[in-house]
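Before any comments, here is the structure.
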Amino acid sequence: RSKDAGKNTCTFFAGDMNDEAFERLLMENGLRLALERQEFELHYQPQINPFTHQVEAVEALIRWRHPDLGMVSPARFIPITEENGMIRQIGDWVLRTACSQLKAWDDDGVHVPRVAVNLSPRQFLRGTLTATVVEVLENTGLAPGRLELEVTEGMLMQNPAESVDILRELKALGVQIAIDDFGTGYSSLSYLKRFPLDSLKIDRSFVIGVPDDSDSSAIAETVVAMGRKLGLNVVAEGVETSDQCRFLRACGCKLLQGYFFAKPLSADNLREFILDSVRASPALGRTTAL
Ligand code: C2E
Ligand code: MG
Ligand code: MG
Ligand code: MG
């Protein structure tokens, strides 16, 4: 049977719906135990400067190894943890793990300048985020500027006034702020001026059509130019081909992330990736070490 048919017309496939309900139940129960059973892992996807080929940052992406379901995508389980409130504990774990990993790489002589961590709406508007970030930075000893927090337009627009306050608090700590999936949310450009931001991540949906589709290319080019003029770092997400890489680089996009360079990698594999890139380009390696 087609997966799409099962998803979109589940009323016609009672069997499938039961499967889905069963799977959901499995996930909800499993999620309660997943932290203590250490079933979560963070993978890290490099963000690469196409002019220097250096890894300037990595994005931490959570993975769940369920004993029966196998690898479960965050797109499937994060929304469940948002609903049942478990995202709080999981989100704290992600922050702590990502920051300690950066320090562990430091100790290992593998320099990763910055880690980006995705926040969920409930984590963001929870009121204790700043305190948690302070605690994690103190406990891990990570310099605040090496942590970037990714928020979405939707999260900010739920409560723009409160969001400005939270972002100001975080900025005061020295933490960086990125807008994830830029261009896909409901918001106006005026908020780019209102919110204190450091980076803007062009959503993959705009990168897919580059460079063949002229509309996508025009949007990507314009967003890069706008971001640069506003003094923001612009990251293109979902770069899969050398043509996309070349086009975005020609637009002046200084950070690219996507399968073309690397999929999200385990901590060990990210370490190898960095060491390989240093070996391939010793001059850049020396720059990285500075
Ligand atoms: P996101 O933050 O927009 O992350 C980018 C997603 O695109 C990741 O999917 C990544 O694996 C995928 N990706 C990267 N490059 C390419 C590419 O070239 N082609 C394609 N097709 N995909 C690419 P992933 O890891 O499945 O994560 C999905 C979403 O789950 C993330 O979207 C983020 O919203 C959420 N998420 C992941 N980890 C966390 C977390 O620790 N906390 C929270 N709250 N959300 C998370
Ligand atoms: Mg993200
Ligand atoms: Mg994204
Ligand atoms: Mg996305």
Side-chain angles (χ1 to χ4, degrees), residues 31 34-35 39-48 50 55 57-65 70-101 114-126 129 132-133 136 147-156 176-185 197-210 220 223 233-245 248 253 255-267 269-270 273:
L31 281 166
L35 266 179
E39 290 169 359
F40 292 121
E41 258 172 54
L42 290 188
H43 283 198
Y44 301 88
Q45 189 174 33
Q47 292 177 0
I48 287 169
V55 175
V58 294
E59 178 176 9
L61 295 155
I62 194 167
R63 300 289 178 260
W64 181 25
R65 239 180 249 283
M71 275 291 201
V72 188
S73 151
R76 284 173 63 214
F77 73 85
I78 291 287
I80 298 177
T81 67
E82 267 286 313
E83 279 172 42
N84 65 20
M86 286 200 43
I87 189 63
R88 292 177 179 160
Q89 277 176 293
I90 297 173
D92 287 356
W93 178 85
V94 171
L95 264 176
R96 226 180 312 120
T97 307
C99 293
S100 3
Q101 184 60 63
R114 188 167 70 240
V115 66
V117 169
N118 291 281
L119 295 180
S120 74
R122 230 165 134 160
Q123 228 181 333
F124 181 68
L125 292 168
R126 163 192 182 190
L129 177 64
T132 306
V133 171
V136 168
L147 174 63
E148 181 162 69
L149 299 174
E150 294 193 359
V151 297
T152 61
E153 296 162 86
M155 278 161 64
L156 299 176
Q176 311 231 49
I177 309 291
I179 296 273
D180 201 357
D181 306 334
F182 181 75
T184 61
L197 306 170
D198 301 283
S199 317
L200 183 159
K201 299 186 75 179
I202 307 177
D203 192 66
R204 189 168 73 88
S205 55
F206 301 111
V207 173
I208 287 176
V210 167
V223 173
N233 302 315
V234 181
V235 185
E237 291 191 289
V239 178
E240 293 186 353
T241 68
S242 56
D243 283 351
Q244 289 168 348
C245 175
L248 291 160
C253 189
L255 281 180
L256 308 179
Q257 178 181 350
Y259 295 171
F260 177 64
F261 302 99
K263 291 201 167 179
L265 304 168
S266 69
N269 288 341
L270 192 278
F273 182 87

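We count ligands from 1, going down the list as the structure has it; atoms in each ligand are counted the same way.
- Contacts between Asp180 and ligand 1, counted as non-hydrogen atom pairs separated by less than 4.0 Å, involve the side chain only.
- The Mg ion (ligand 3) is closest to atom OD1 of Asp181 (considering only N, O or S atoms).
- Listed by number with element, the atoms of ligand 1 under 4.0 angstrom from any heavy atom of Glu240 are 17 (C), 18 (O), 19 (N), 20 (C), 21 (N).
- In this structure, of Tyr259, Phe77, Phe261, the residue bringing a heavy atom nearest to atom 22 (N) of ligand 1 is Tyr259.
- For a distance bound of 2.8 Å, the N, O or S atoms of Asp203 include none lying that close to the Mg ion (ligand 3).
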* Evaluation steps, side chain to side chain donor-acceptor pair (under 3.5 Å), between Gln45 and His43 -> CA-CA 7 Å; Gln45 189 174 33; His43 283 198; over 6 Å; no
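- When the Mg ion (ligand 3) is compared with the N/O/S atoms of Glu237, atom OE2 turns out nearest.
- Counting the atoms of ligand 1 from 1 in the order shown, those under 4.0 Å from a heavy atom of Val94 are 41 (O).
- Atom CG of residue Leu31 and atom CD1 of residue Ile78 lie 8.5 Å apart, to the nearest 0.5 angstrom.
- Close approach of ligand 1 to Ser120 (heavy-atom distance below 4.0 Å) involves ligand atoms 44 (N).
- A tilted orientation is assigned to the rings of Trp93 and Phe40, their planes being inclined by 30° to 60°.
- Distances shorter than 4.0 angstrom do not occur between any heavy atom of Glu82 and any atom of ligand 1.
- For the pair Gln244 (side chain) and Val207 (backbone), a donor-acceptor distance under 3.5 Å is present.
- Ligand 1 places these atoms under 4.0 Å from at least one heavy atom of Glu237: 3 (O), 5 (C).
- For the pair Lys263 and ligand 1, no heavy-atom separation below 4.0 Å is found.
- Rounded to 10°, the angle formed at the Mg ion (ligand 2) by Glu59 OE2 and Asn118 OD1 is 90°.
- A salt bridge links Arg126 with Asp92; the closest basic N to acidic carboxylate O contact falls under 4.0 Å.
- At least one N/O-N/O distance between Ile62 and ligand 1 falls below 3.5 Å.
- The neighbour count for Glu41 CD, taken as heavy atoms of other residues, nucleotides or ligands under 6.0 Å away, is above 12.
- Separating the CD atom in Glu237 from the CG atom in Leu256 is a distance of 11.5 Å, to the nearest 0.5 Å.
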* To do: Please step through side chain to side chain contact (heavy atoms under 4.5 Å, CB included) for the pair Leu265 and Val58, ending with a clear verdict.
  => CA-CA 10 Å; Leu265 304 168; Val58 294; over 6 Å; no
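- When each atom of ligand 1 is checked for a heavy atom of Val239 under 4.0 Å away, the hits are 18 (O).
- At least one heavy atom of Pro264 sits under 4.0 Å from some atom of ligand 1.
- Shortest distance from the Mg ion (ligand 2) to Glu150 is reached at OE1 (N/O/S atoms only).
- Applying the side chain to side chain donor-acceptor pair (under 3.5 Å) rule to Ser205 yields the partners Asp203; only residues at least two apart in sequence or on another chain are considered.
- For ligand 1, one of its N or O atoms has an N or O atom of Arg204 under 3.5 Å away.
- Here Asp180 meets the criterion, with an N, O or S atom under 2.8 Å of the Mg ion (ligand 3).
- Not a single ring-ring contact (aromatic ring centres under 6.0 Å, His included) links Phe206 to another residue, sequence neighbours left out.
- For ligand 1, the atoms closer than 4.0 angstrom to any heavy atom of Gly258 are 15 (N), 18 (O).
- In this structure the side chain of Tyr44 reaches within 4.5 angstrom of the side chain of Gln101, judged on heavy atoms.
- Annotation for ligand 1: atoms under 4.0 Å from non-hydrogen atoms of Gln45 are 14 (C), 15 (N).
- Note that CG of Leu156 is 7.0 Å distant from CG of Leu197, once rounded to the nearest 0.5 Å.
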